[in-house]
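Below: the structure, in structure tokens.
In the text below, chain A, chain B and the rest are named by the order of the sequence lines, each starting its count at 1.
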There are 2 protein chains.
Amino acid sequence: MHLAELSRRSGVSVPSIKFYLREGLVPAGAPVSARKAEYSDQHVRRLRLVRAMLTIGKMSVAQVRDVLAVADDPAFTRHERLGIAQYMLPPHVEAPAEDAEERAAWDEMRALIRDELRALGWRFQDMAPALDLLTQSVVTLRDLGYKASVEHLRGYAKAIHPMAETEYATIGEYEQIEEAIEATVAYTVLVEPVLLALRRLAHEDVSSRLHYGDGDDAADDDGGEHTA
Amino acid sequence: MHLAELSRRSGVSVPSIKFYLREGLVPAGAPVSARKAEYSDQHVRRLRLVRAMLTIGKMSVAQVRDVLAVADDPAFTRHERLGIAQYMLPPHVEAPAEDAEERAAWDEMRALIRDELRALGWRFQDMAPALDLLTQSVVTLRDLGYKASVEHLRGYAKAIHPMAETEYATIGEYEQIEEAIEATVAYTVLVEPVLLALRRLAHEDVSSRLHYGDGDDAADDDGGEHTA
């Protein structure tokens, strides 16, 4: 297919395709004349993946290039290819670098959290960026004077693992690595707002019951009361 | 107490306090001389809340002002005061406004999601911003060709509601409205990364078992393999 059809089938605009070609995120097509090239289904898959990483995953062009380098390298297993894609997804947080005492407290908490999850039998890399995210949340809650501990995390971890098992079944269905990575990015990023939105609605429900009672009448009356 | 002690006890710098006073986010102290004012414990609580909304909650000054106006208005119940604070927290997504067909599909999906959650007995306002967040996720996954439905949401909703019940018990402990709002902001915002980080680690665990098997040996071997 030519550029126009590639654009139509991938849903990526011609200027964007040209940008991705220039940046080396998509391999060049087979030249058919001085100004025309022929593209394949593999280009369609690659374009969809690149677009998903840049727009849904909010990765940088350099991060997309890193993920693609691993995706194309036969030295990596499928697990590693999917893992690298997940590790590149924001948010990334940094351990405190300036204050030695602060850094020691951070490292200690990170190790506690890691060991707590490993004690549940979870298998993950020591360098997993998600461990830093957990550390930051617990450290910040504590600094603000709130209760936060690795024991609290255990409850959340047990509630979340079954979700991950169900979700992962879907990603396993994609044989092509580009499609599996794209699905990893899409499900990771797009289901995260689902969790936080449902939690906020559940809080509203719990608060409503606490303040107005559990009855059906309260539920009916609740309609317009919340308006600012 | 004077400004210096207010700064020390609230953990907010003197220039920041002066900015919040100028913006009307913190009430003026009682004047003791032409250039000095006396501040109370209420100022300490208010400063902590303002700082939490601006820095952890990433709210705008205008949004903080709105939350505080409700917090101080006796016409609102405690449930409403806490709810307004939660509604102001990002992320906020907008329904598509330009394309009429797209908008109709959005409104239809939003109503389906709302009714699905109400069928579980959940009580929340029709205008809850979290409903838009859910709608955007489901619509985007569908547009990308992935499976996403209100039935999927039901499973997540049932897993998340018990977490919200446990969490809300803590917020109920704060009698002062400023402290309760601060706790709402802190727990809402700071526990959200916990959920997404644990889900990412759980994915890594599930993927590791799928690709390398369930055995203890695999768990031990897994150490350095994931390095890029």
Side-chain angles (χ1 to χ4, degrees), chain A residues 66 70 77-80 82-84 86 91 117 122-125 128 130 133-134 136-137 140-141 144 146-147 153 156-157 159-161 163-165 168 170 172 183 186 188 190-212 219 222 225-226 228, chain B residues 66 70 77-80 82-84 86 91 117 122-125 128 130 133-134 136-137 140-141 144 146-147 153 156-157 159-161 163-165 168 170 172 183 186 188 190-212 219 222 225-226 228:
Chain A
D66 286 349
V70 174
T77 68
R78 186 179 159 101
H79 171 66
E80 287 163 344
L82 298 178
I84 293 294
Q86 196 227 57
L117 295 173
W122 289 28
R123 280 154 50 175
F124 50 82
Q125 297 298 309
L133 215 49
L134 287 173
Q136 188 185 51
S137 286
T140 308
L141 279 167
L144 291 168
Y146 293 109
K147 281 179 278 185
L153 293 184
Y156 286 115
I160 281 171
H161 201 277
M163 294 182 196
E165 289 168 43
Y168 219 84
T170 310
T188 303
L190 292 171
V191 177
E192 284 168 0
V194 167
L195 299 188
L196 75 89
L198 286 172
R199 179 168 165 265
R200 290 184 185 190
L201 289 170
H203 278 162
E204 184 172 342
D205 175 54
V206 174
S207 173
S208 166
R209 285 169 202 287
L210 247 151
H211 291 95
Y212 302 131
D222 204 23
E225 281 181 30
H226 209 291
Chain B
D66 286 349
V70 174
T77 68
R78 186 179 160 102
H79 171 66
E80 287 163 343
L82 298 178
I84 292 295
Q86 196 227 58
L117 294 173
W122 289 27
R123 280 152 50 172
F124 49 82
Q125 297 297 308
L133 215 50
L134 288 172
Q136 187 185 54
S137 287
T140 309
L141 279 167
L144 291 168
Y146 293 107
K147 280 179 280 184
L153 293 184
Y156 287 113
I160 281 170
H161 201 278
M163 295 182 196
E165 288 168 44
Y168 219 83
T170 310
T188 303
L190 293 171
V191 177
E192 284 168 0
V194 167
L195 299 188
L196 74 90
L198 286 172
R199 180 167 164 264
R200 291 184 184 190
L201 289 170
H203 279 163
E204 184 172 341
D205 175 54
V206 174
S207 173
S208 166
R209 286 169 201 285
L210 246 150
H211 291 96
Y212 301 130
D222 202 22
E225 281 183 29
H226 209 289

(request) Please confirm whether the backbone N or O of S207(A) pairs with a side-chain atom of R123(B), one donor and one acceptor, at under 3.5 Å? (result)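 Answer holds: no.
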
Please name the pair of heavy atoms, one in [X] and one in [Y], separated by the smallest distance, quoted to 0.1 Å.
{"X": "A157(A)", "Y": "L198(B)", "result": "N-CD1, 3.7 Å"}
{"X": "L117(B)", "Y": "L201(A)", "result": "CD1-CD1, 3.6 Å"}
{"X": "A186(B)", "Y": "Y146(A)", "result": "CB-CE1, 3.5 Å"}
{"X": "E204(B)", "Y": "Q125(A)", "result": "OE2-N, 2.7 Å"}
{"X": "A202(B)", "Y": "W122(A)", "result": "N-CZ3, 3.6 Å"}
{"X": "S137(B)", "Y": "L190(A)", "result": "OG-O, 2.9 Å"}

(message) Parallel, tilted or perpendicular: which one describes the rings of Y212(B) and H79(A), with boundaries at 30° and 60°?
(response)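 Because their plane-to-plane angle is over 60°, the rings of Y212(B) and H79(A) count as perpendicular.
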
(message) Counting heavy-atom pairs under 4.5 Å with chain A, which one of V191(B), D66(B), L133(B), L195(B) comes out on top?
(response)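 Result: the option with the highest number of such pairs is V191(B).
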
(message) Please identify, among L153(B), T170(B), L210(B), L134(B), the residue contributing the most non-hydrogen atom pairs under 4.5 Å to chain A.
(response)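 Result: the option with the highest number of such pairs is L134(B).
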
(message) Within the 4.5 Å heavy-atom criterion, are F124(B) and S208(A) side-chain neighbours or not?
(response)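 No; the side chains remain at least 4.5 Å from each other.
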
(request) Under 4.5 Å, counting heavy-atom pairs only, tell me which of H203(A), H161(A), M163(A), R78(A) racks up the most with chain B. (result)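 Among H203(A), H161(A), M163(A), R78(A), the one with the most close pairs to chain B is H203(A).
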
(request) Sort out for me which of Q86(A), H211(A), R200(A), Q136(A) touches chain B most, counting heavy-atom pairs under 4.5 Å. (result)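 Most pairs with chain B among the choices: R200(A).
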
